S.K.: 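The structure that follows is given in the form of structure tokens.
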Amino acid sequence: MSEKRLSNTIFLMYLATDAYVRRHNLSRAEFMALNAKYGLVKFIAECPDIFDPMTEAEMADELDEYIAHAA
């Protein structure tokens with residue numbers, strides 16, 4: 001992975017997780033527990049192209065959908 005792509009992926013991970021935390025009013029610890037259970041950050045890292053064109057609301061929706069299918 002190129003340095004530019006890696007930087008973009010890390011930024012998308014930040015945007016998506018921050019959007020999710022704000023939407024659900026979670027603490028960082030609560031989010032980390034969800035991440036440990038569902039692998040949210042790994043999901044974002046594995047498919048950053050899905051998240052790249054999304055708004056923050058769409059990113060949170062995508063993570064909600066991912067959790068719903070994983071549960």
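Values reported hereafter were calculated over all heavy atoms of this structure, with side chains retained and with hydrogens, waters and symmetry mates removed. What you see is a predicted model; the values in this text were computed from it and never measured.
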S.K.: Would you give the length of the straight line joining atom CZ of F11 to atom CG of L6, rounded to the nearest 0.5 angstrom?
M.R.: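 Going from the CZ atom of F11 to the CG atom of L6 covers 14.0 Å.
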
S.K.: Does E56 come within less than 4.0 Å of R22, counting only side-chain N to carboxylate O?
M.R.: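 Between R22 and E56 there is a salt bridge, with a charged N closer than 4.0 Å to a carboxylate O.
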
S.K.: Could you tell me which non-hydrogen atom of R23 sits nearest to which non-hydrogen atom of D61, and how far apart they are?
M.R.: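 Result for this residue pair: NH1-OD1, 2.5 Å.
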
S.K.: Is the shortest distance from a Lys or Arg side-chain nitrogen in R5 or D49 to a carboxylate oxygen in the other one below 4.0 Å?
M.R.: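 Counted as a salt bridge, because a side-chain N and a carboxylate O are separated by less than 4.0 Å.
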
S.K.: Contact between I50 and I44 at the side-chain level, heavy atoms closer than 4.5 Å - yes or no?
M.R.: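 Not touching, per the 4.5 Å side-chain cut-off.
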
S.K.: Do Y14 and Y66 sit in the same hydrophobic cluster, where Ile, Leu, Val, Met, Phe, Trp and Tyr count as joined when their side-chain heavy atoms come under 4.5 Å apart?
M.R.: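 Yes, because Y14 and Y66 connect within a single hydrophobic cluster, where side-chain heavy atoms sit under 4.5 Å apart.
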
S.K.: Please determine whether residues L63 and M32 belong to a single hydrophobic cluster, defined as Ile, Leu, Val, Met, Phe, Trp and Tyr linked transitively by side-chain heavy-atom distances below 4.5 Å.
M.R.: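 As far as the 4.5 Å side-chain criterion goes, M32 and L63 are connected within one cluster.
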
S.K.: Check L12 against M59 and note the closest heavy-atom contact, atom names and distance.
M.R.: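 Heavy atoms of L12 and M59 come nearest at CD2-CE, 3.8 Å.
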
S.K.: Indicate the atoms forming the closest heavy-atom contact of A70 with Y38, along with that distance.
M.R.: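 Shortest heavy-atom contact: CB-CD2, 3.7 Å.
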
S.K.: Quick one: does any side-chain atom of H24 pair with a main-chain N or O of Y20 as donor and acceptor, under 3.5 Å?
M.R.: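 The answer is no, because no donor-acceptor pair under 3.5 Å joins these two groups.
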
S.K.: Just wondering, do V41 and T17 contact through their side chains at under 4.5 Å, heavy atoms?
M.R.: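 Answer yes - side chains close enough.
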
S.K.: Please find out if less than 6.0 Å separates the ring center of F43 from that of F51.
M.R.: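 Yes: the rings meet the under 6.0 Å criterion.
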
S.K.: Could you tell me which non-hydrogen atom of A45 sits nearest to which non-hydrogen atom of M13, and how far apart they are?
M.R.: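 Here A45 and M13 meet closest at CB-SD, 3.9 Å.
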
